[in-house]
Novice: 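Got a structure for you, questions after.
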Amino acid sequence: MSQIFDRRRMTLAAVLGALLASTMAGYAADDTIKVGVLHSLSGTMAISETTLKDTVLYLIDEQNKKGGVLGKKLEAVVVDPASNWPLFAEKARELISQDKVSVVFGCWTSVSRKSVLPVFKELNSILFYPVQYEGEESERNVFYTGAAPNQQAIPAVDYLMKEEGVQRWVLAGTDYVYPRTTNKILEAYLKAKGVSADDIMINYTPFGHSDWQSIVADIKKFGSAGKKTAVVSTINGDANVPFYKELGNQGIKAEDIPVVAFSVGEEELAGIDTKPLVGHLAAWNYFESIDSEANAAFIDGWHKFIKNDKRTTNDPMEATYIGFNAWVKAVEAAGTTNTDTVIDTLVGTTVPNLSGGYATIMPNHHITKPVLIGEIQDNGQFDIVSRTAPVVGDEWSDYLEGSKDLIADWRKPLSCGNFNVVTGKCGGGS
Amino acid sequence: MTDKAEGSLLYLDNVSVSFDGFRAINRLSLVLEPGEMRAIIGPNGAGKTTMMDIITGKTRPDAGDVLFDGSVDLTRLDEAAIANLGIGRKFQKPTVFESHSVEDNIALALKGRRGAFAALFHRRSAIEQDRIDALLATIRLSDKRDLLAARLSHGQKQWLEIGMLLAQEPRLLLIDEPAAGMTDAETAETASLLKEIAKTQSVVVVEHDMTFVRALGVKVTVLHEGSVLAEGSLDAVSANPKVIEVYLGR
Amino acid sequence: MSFTCPPTNSPFAASISLVDLVWGYCGILSLGHGAFFALGGYAMGMYLMRQIGTRGVYADPVLPDFMVFLNWKELPWFWQGFDMAWYAFLMVVLVPGVIAFLFGWLSFRSRVTGVYLSIITQALTYALLLAFFRNDMGFGGNNGLTDFKDILGFPIQAPGTRAVLFAASALMLALGFVVASAVVRSKLGKVLVAIRDAESRTGFIGYRVEHYKLFVWTLSAVMAGIAGALYVPQVGIINPSEFDPAASIEAVIWVAVGGRGTLIGPLIGAVAVNFGKTWFTGVLPEVWLYALGTLFVVVTLFLPRGIVGLWGRVVTRRAAPAKEVDGSGRQAGEAA
Amino acid sequence: MSFFRLFTIFFALIAGFQPALASRVADTDLSSRIAALGVGGFDDLEKAIANLAASGDDRVPAILDRLGNGELTVRKADGLVFFADKVGTDFRLTDPVTGVDAGLAPKATVEKVKVNNRIRRAIASAVGALTLMSPDPAVRRTAAEAVMKSADVTALPVLERAIAAETVADVRAAMVAARATALLASDAPEADKVTAIAAIADIGSRDALGFLSGYTSTDGAVGDAARKAVAAIESRLMLWDIGQNLWYGLSLGSVLLLAAIGLAITFGVMGVINMAHGEMVMLGAYATFTVQETIRTSWPQLFDYSLLIALPVAFLTAALAGILIERLVIRWLYGRPLETLLATWGVSLILQQAVRSLYGANNREVGNPSWMSGSFALGEIQITWTRLWIILFALAVFLALIALLKRTRLGLEMRAVTQNRQMAAAVGIRTPLVDALIFGLGSGVAGLAGVALSQIDNVSPNLGRGYIIDSFMVVVFGGVGNLWGTLVGALTLGVANKMLEPYAGAVLGKIILLLAIILFIQKRPRGLFALKGRAVEA
């Protein structure tokens with residue numbers, strides 16, 4: 001860690017001009033491969049992103065123990081974009097053009113990813129993005145190791161239909177792009193499955209919404225129409241705690257109206273008394289409670305690295321794990337860290353995931369993931385009740401009007417992130 | 001109503017105002033002739049300052065007429081409009097622009113266009129400069145013209161404020177306790193300055209200091225509990241038993 | 001570059017000197033100036049979105065990408081016209097200007113001053129924050145507007161364009177400085193200081209205080225809007241976080257640190273605070289908030305005139321009356 | 001709760017009634033039925049539960065109950081099903097039929113019998129049917145409700161017997177309702193079904209509505225009757241809905257009142273803008289967390305009193321913090337409200353970061369004591385205990401404050417100082433002390449708000465931020481310097497918000513309200529209940 005701090009100080013000094021530069025020369029050793037870490041360490045997103053920064057450092061540490069990559073040690077370059085979206089772009093530029101990193105692991109929110117995209121395109125570098133997102137994007141320089149909507153939402157709905165016989169749906173979300181898109185996809189999907197518009201209720205709330213009385217009551221009302229009802233929740237972040245508290249207090253049990261959430265993981269549950277919530281569901285590609293050797297080893301190593309047995313693990317961490325290992329494997333296979341070569345090699349790379357299976361990077365730069373459905377337990381963990389075969393991330397949803405004709409394939413000769421199969425043209429962009 | 005107000009400079013009739021049930025001004029009537037200087041006395045809480053507030057538009061009366069120049073209804077205007085009609089006011093506590101130099105204080109008060117855009121493109125003319133110089137001489141602060149107003153003594157601030165009033169070229173000056181906190185010498189000088197001013201403008205002086213009022217030698221109005229208790233020369237009102245009772249207690 | 005202030009923050013810094021125009025010179029503490037900055041930025045962002053044309057991922061000639069995937073069928077009325085640069089640039093000035101004018105006209109006319117005004121400016125920017133977060137508003141929700149391609153026909157990422165934009169920002173900064181100092185030196189500037197020192201006295205000598213406040217308020221909002229418009233093409237994104245009240249408050253501290261009531265102060269403050277931020281968040285991220293918090297307290301308690309004031313005291317050794325600055329606070333305090 | 005209730009059933013069965021209910025099957029039969037629980041997926045498990053319940057054995061409810069709690073495991077070696085109690089990382093296995101200890105098994109050698117919601121429903125229904133004859137009326141009632149929810153046709157004969165034997169009126173009503181739902185689901189004659197609909201319609205609740213809605217699309221007399229009944233219930237519920245919204249509004253208002261009332265003192269009475277007010281609320285919430293955590297680890301039996309214990313702790317913590325802030329920062333800035341605003345904003349940043357350093361950035365769990373969990377129905381208005389207690393608490397705090405300011409010596413001195421500082425000092429009041437105390441009081445009250453908010457909101461370092469703008473709005477709207485104004489302001493805004501929400505949605509509703517307040521302040525710059533006159537303007 002201190003090594004990183006020293007580096008930061010030096011960058012600073014270099015800009016300042018003269019004061020320290022002469023005394024701390026020669027930091028850019030050539031026998032390392034630099035890995036950029038672009039996660040907020042301060043500001044609103046620090047709470048989530050700091051964990052991912054530590055995850056990357058942990059993975060680098062492990063890799064270096066195994067001898068590094070291509071015979072060179074990996075060296076982390078950590079910057080703090082401070083939850084400030086424009087600053088993400090600036091820090092990305094700094095990492096690529098100044099620190100000359102070979103790859104960047106980073107971003108959490110879609111805004112931050114959107115903000116750095118032009119930089120990665122312009123300077124031609126690689127970004128691994130480890131968080132579930134709304135899809136509708138495929139860029140040559142980005143690898144999406146989090147779930148696309150079809151890797152969370154649709155299997156979850158399938159599960160509820162089959163296992164719970166749900167016929168009536170509440171789509172409740174925070175008013176931002178991920179829930180909007182996911183709900184649009186789900187709405188189209190449900191209608192395609194013969195659910196009538198009357199049986200779908202859509203509700204949006206602001207960030208950090210804390211008074212859920214009316215909405216929970218509405219859900220209850222909507223649920224008393226003689227048909228089995230479920231809530232699909234894309235409620236984000238802090239708003240979940242008061243939402244679940246209100247559910248518990250108004251006596252909505254999972255047996256009556258189950259809630260399946262896509263943004264509630266082990267960390268979010270840590271702030272709630274989960275006893276009244278037993279049976280509510282979450283859909284992810286990873287749960288800490290997964291019973292696999294890979295997972296046990298990962299958790300064990302993580303606890304040792306972070307020196308805290310209580311730290312939970314979560315889905316974006318697994319996505320970081322997959323992305324990191326895929327990159328290592330591709331670099332080893334290509335024998336170089338050259339961006340273009342690595343991008344081409346990455347497609348088709350297969351690495352183990354933490355749930356005992358494998359993840360493959362597809363030509364659309366998304367990966368295959370199994371979808372797990374977990375039920376909340378009274379100890380704040382999830383009990384996995386369903387698991388699908390690996391699903392390929394669908395970047396352009398088949399259920400959205402604007403994107404159903406689009407596909408992405410970054411292999412030659414197509415090399416296009418938004419190829420329109422109807423017009424036969426590669427959409428916008430260059 | 002205008003009949004009675006005809007020919008007067010300031011006309012208050014049956015004015016009342018109350019704050020949270022407390023009647024600060026109670027059916028007050030007062031008439032000031034053009035060119036007249038009037039002293040207003042009264043114990044604390046008699047409504048002197050509130051009366052000033054009403055005249056200058058800071059406080060709206062609940063009832064009654066306030067007319068300027070026999071016809072202009074002051075209750076409908078705000079402070080700036082009333083000031084531009086030609087009513088100047090000096091506060092009890094000297095209020096000058098402390099971050100500005102003495103000269104700028106006068107320059108800001110100088111009669112002229114008051115609009116924001118006019119101010120943005122304003123250039124000081126030679127005539128204005130002469131006028132400023134003259135005023136500075138009148139208030140005896142010529143040698144301190146570049147000093148920040150904050151650094152003036154209390155008495156000097158009082159004078160500066162009077163100077164600013166004069167710069168406005170008002171037709172009526174309302175002056176609240178000009179002698180408060182002044183030395184005897186300063187008080188005497190202030191009295192003579194006011195008498196000088198009264199030659200060209202109407203003046204209303206609110207004052208506690210009886211020697212000062214006596215030095216002014218003008219008609220006196222005694223306020224008590226928001227209404228006029230007595231009016232006349234200082235000697236006459238001093239002899240008024242009601243006034244004696246109010247001042248000496250019952 | 002580690003020292004991140006110059007490229008992206010210079011327009012912001014420019015707008016900050018305008019915060020000082022209303023606070024340092026006029027005694028109006030706006031906790032919502034970021035709103036005008038963001039509104040200007042959005043107007044520019046809308047123009048840049050329309051310039052993308054068919055190069056968006058869905059290749060829709062009219063609708064921006066985020067509208068396509070949320071199934072919008074046609075362009076909302078308030079997006080019309082933004083394909084024309086002149087119209088968009090007009091809106092950059094008009095939108096913040098008109099909103100500031102209306103807000104100021106209502107507030108100053110009803111004598112909402114001091115802390116009340118500060119609180120409702122905060123409420124205003126908070127309301128706008130919530131509004132722009134709403135996807136139904138048609139401004140791209142929390143993702144905002146991004147993925148810009150070119151500006152006035154020049155590719156936005158090209159080094160040449162970036163250099164020109166940077167130069168434009170520097171020019172804007174200089175221009176803002178010139179305008180602000182012209183305003184401050186004029187008689188109008190003196191009236192503003194007069195209002196700050198003794199608002200009622202200014203009214204009683206015939207200045208219509210609310211007009212002056214409204215003028216400088218609207219002017220500063222317009223310039224904040226222009227600054228926002230220059231900021232957006234450089235950072236390539238505009239989203240509702242620019243409306244966050246905390247961002248506006250943080251900007252105020254730049255002014256306080258540099259020294260309010262001076263024009264150079266806010267610039268020094270902006271540079272100093274951002275430098276500190278870059279340094280701290282790099283070295284000890286968790287210490288940054290302590291440092292920033294302490295800065296707020298220390299500056300208000302011990303450095304009422306900021307760095308500039310401190311410098312002035314050191315250089316001239318003249319016992320500057322600290323009261324002058326207090327005047328603003330005390331005056332505004334009349335309302336409380 | 002269900003867990004708890006089932007436990008009661010369990011004990012009632014074992015303790016009281018074993019001899020009386022002699023319905024038992026052979027141990028081997030029961031064992032084989034239990035062994036089926038460990039085979040196959042959820043579909044198989046559901047069948048196995050039905051099969052187990054069909055045995056009618058009185059040991060079944062207890063076994064099913066443990067199944068529902070996830071305490072049944074399959075031993076991988078032989079596929080037998082046992083009760084499992086966790087001992088360290090291992091499990092102690094017990095034979096569910098005989099109660100014989102089967103020894104310790106390491107985690108890797110056993111596999112939990114997984115249950116999901118569907119299985120839990122099946123368990124509830126099965127246990128319901130089996131416990132309809134329980135001696136405890138509360139258990140019978142729960143059983144009847146469970147059967148009603150599942151509309152289990154197979155439970156009809158048991159229901160008939162239970163109804164015949166039932167003596168307690170409301171339990172009998174619940175059973176009749178359960179029979180009606182089961183009848184409707186069965187292939188009984190149409191006339192019976194119409195009668196059943198009438199019986200359900202009489203209940204008139206939302207559950208009844210939900211049940212009947214399922215039959216509105218049926219043809220014939222049943223459909224007609226269902227449609228009519230649904231319409232009748234809906235029109236009845238409409239009025240209740242207004243009441244419900246009003247209740248939500250009051251509840252939101254009480255939260256706003258709690259958050260704002262401390263501010264009404266520091267801002268309204270003292271004129272100090274304390275941007276760190278929200279952080280005082282947060283400190284109160286963290287104090288609650290700390291108290292609960294201590295109780296949880298040291299005196300778990302006191303858990304239900306944890307909030308009561310937290311009240312003085314939270315008050316003192318926040319009050320002390322407030323006094324410190326006043327002494328160290330604010331007192332140097334009296335008369336300079338804008339500077340105070342900035343300095344206290346800085347204090348708020350420091351406090352947030354301090355809490356983040358001490359407790360971590362994640363949310364902390366503060367549990368609801370049992371007397372604050374769950375809800376009850378007042379007619380068709382659902383009233384949750386948390387909200388009810390918070391409303392009462394808010395009012396109590398408010399009245400206590402009024403009393404303190406009006407009736408005590410301290411209150412008198414406070415009013416004296418705020419009205420005329422010099423005069424108060426002249427008559428011998430130690431004004432600096434009073435300043436500190438007022439500020440401490442305002443902060444302490446915010447700390448109390450934190451105790452209440454910990455029950456419904458996140459306990460995170462950002463807790464306070466979310467309330468600061470709303471609190472200022474309440475105080476400014478209600479009228480500065482007037483506690484009653486704050487009360488009226490908070491309740492008005494709460495109710496207005498909740499009345500707007502159904503039409504405008506949560507986001508737009510809030511925006512509309514904010515803009516309305518901004519406009520309102522232009523109209524009445526000093527709020528609803530403004531003090532008028534020279535005293536405030538001078």
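Order of the sequence lines sets the chain letters (A, B, ...), proteins ahead of strands, with each chain counted from 1.
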Novice: Charged N to carboxylate O below 4.0 Å: is that the case for C:Arg208 and B:Glu79?
Specialist: no
Novice: Taking side chain as C-beta onward, heavy atoms only, is B:Ile82 less than 4.5 Å from C:Phe204?
Specialist: no
Novice: What distance do C:Ser200 atom OG and B:Arg89 atom CZ have between them, rounded to the nearest 0.5 Å?
Specialist: 8.0 Å
Novice: Can you tell me which of B:Pro170, B:Gly88, B:Gly57, B:Ala83 forms the most heavy-atom pairs within a distance under 4.5 Å of chain C?
Specialist: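 Answer, by heavy-atom pair count under 4.5 Å with chain C: B:Ala83.
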Novice: Can you say whether B:Leu85 sits under 4.5 Å from chain C via the side chain, the backbone, both, or neither, judging by heavy atoms?
Specialist: neither
Novice: In terms of heavy-atom pairs under 4.5 Å with chain C, which of B:Ile87, B:Val96, B:Thr95, B:Asn105 leads?
Specialist: B:Thr95
Novice: Hey, are the side chains of C:Lys187 and B:Leu120 touching, using non-hydrogen atoms and a 4.5 Å cut-off?
Specialist: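 No. Closest side-chain heavy atoms not under 4.5 Å.
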Novice: NZ of C:Lys190 to CG of B:Asp104: how many Å apart, nearest 0.5 Å?
Specialist: 3.5 Å
Novice: Write down the atom of B:Ala116, the atom of C:Leu188, and the distance for their closest heavy-atom approach.
Specialist: O-CD1, 3.0 Å
Novice: So does C:Arg185 have more than 12 non-hydrogen atoms from other groups sitting under 6.0 Å from CZ?
Specialist: no
Novice: For the pair C:His211 and B:Arg114, evaluate side-chain contact (heavy atoms from CB on, under 4.5 Å) and give the outcome as yes or no after the intermediate values.
Specialist: CA-CA 10 Å; C:His211 289 187; B:Arg114 295 295 201 229; over 6 Å; no
Novice: Can you check whether B:Phe97 reaches C:Ile205 side chain to side chain, under 4.5 Å on heavy atoms?
Specialist: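 SC-SC contact between B:Phe97 and C:Ile205 confirmed.
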Novice: Would you mind reporting whether C:Arg201 and B:Glu161 have side-chain heavy atoms less than 4.5 Å apart?
Specialist: yes
Novice: Specify the closest pair of heavy atoms between B:Glu98 and C:Asp197, including all atoms of both residues, with the distance to one decimal.
Specialist: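 Closest approach of B:Glu98 to C:Asp197, heavy atoms only: N-OD2, 3.3 Å.
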Novice: If I compare all heavy atoms of C:Tyr212 with all of B:Gly115, which pair ends up nearest, and what's the gap?
Specialist: OH-O, 3.0 Å
Novice: What part of C:Tyr207 lies closer than 4.5 angstrom to a heavy atom of chain B: side chain, backbone, both or neither?
Specialist: both
Novice: Non-hydrogen atoms of chain B under 4.5 Å away: do they reach the side chain of C:Arg111, the backbone, both or neither?
Specialist: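 Only the side chain of C:Arg111 comes within 4.5 Å of chain B.
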Novice: Below 4.5 Å from any heavy atom of chain C, which atoms of B:Asp78 appear? Answer side chain, backbone, both or neither.
Specialist: side chain
Novice: If you count every heavy atom of other residues, nucleotides or ligands that lies below 6.0 Å from B:Arg76 atom CZ, does the total exceed 12?
Specialist: no
Novice: Side chain, backbone, both or neither: which part of B:Ala81 has an atom under 4.5 Å from a heavy atom of chain C?
Specialist: both
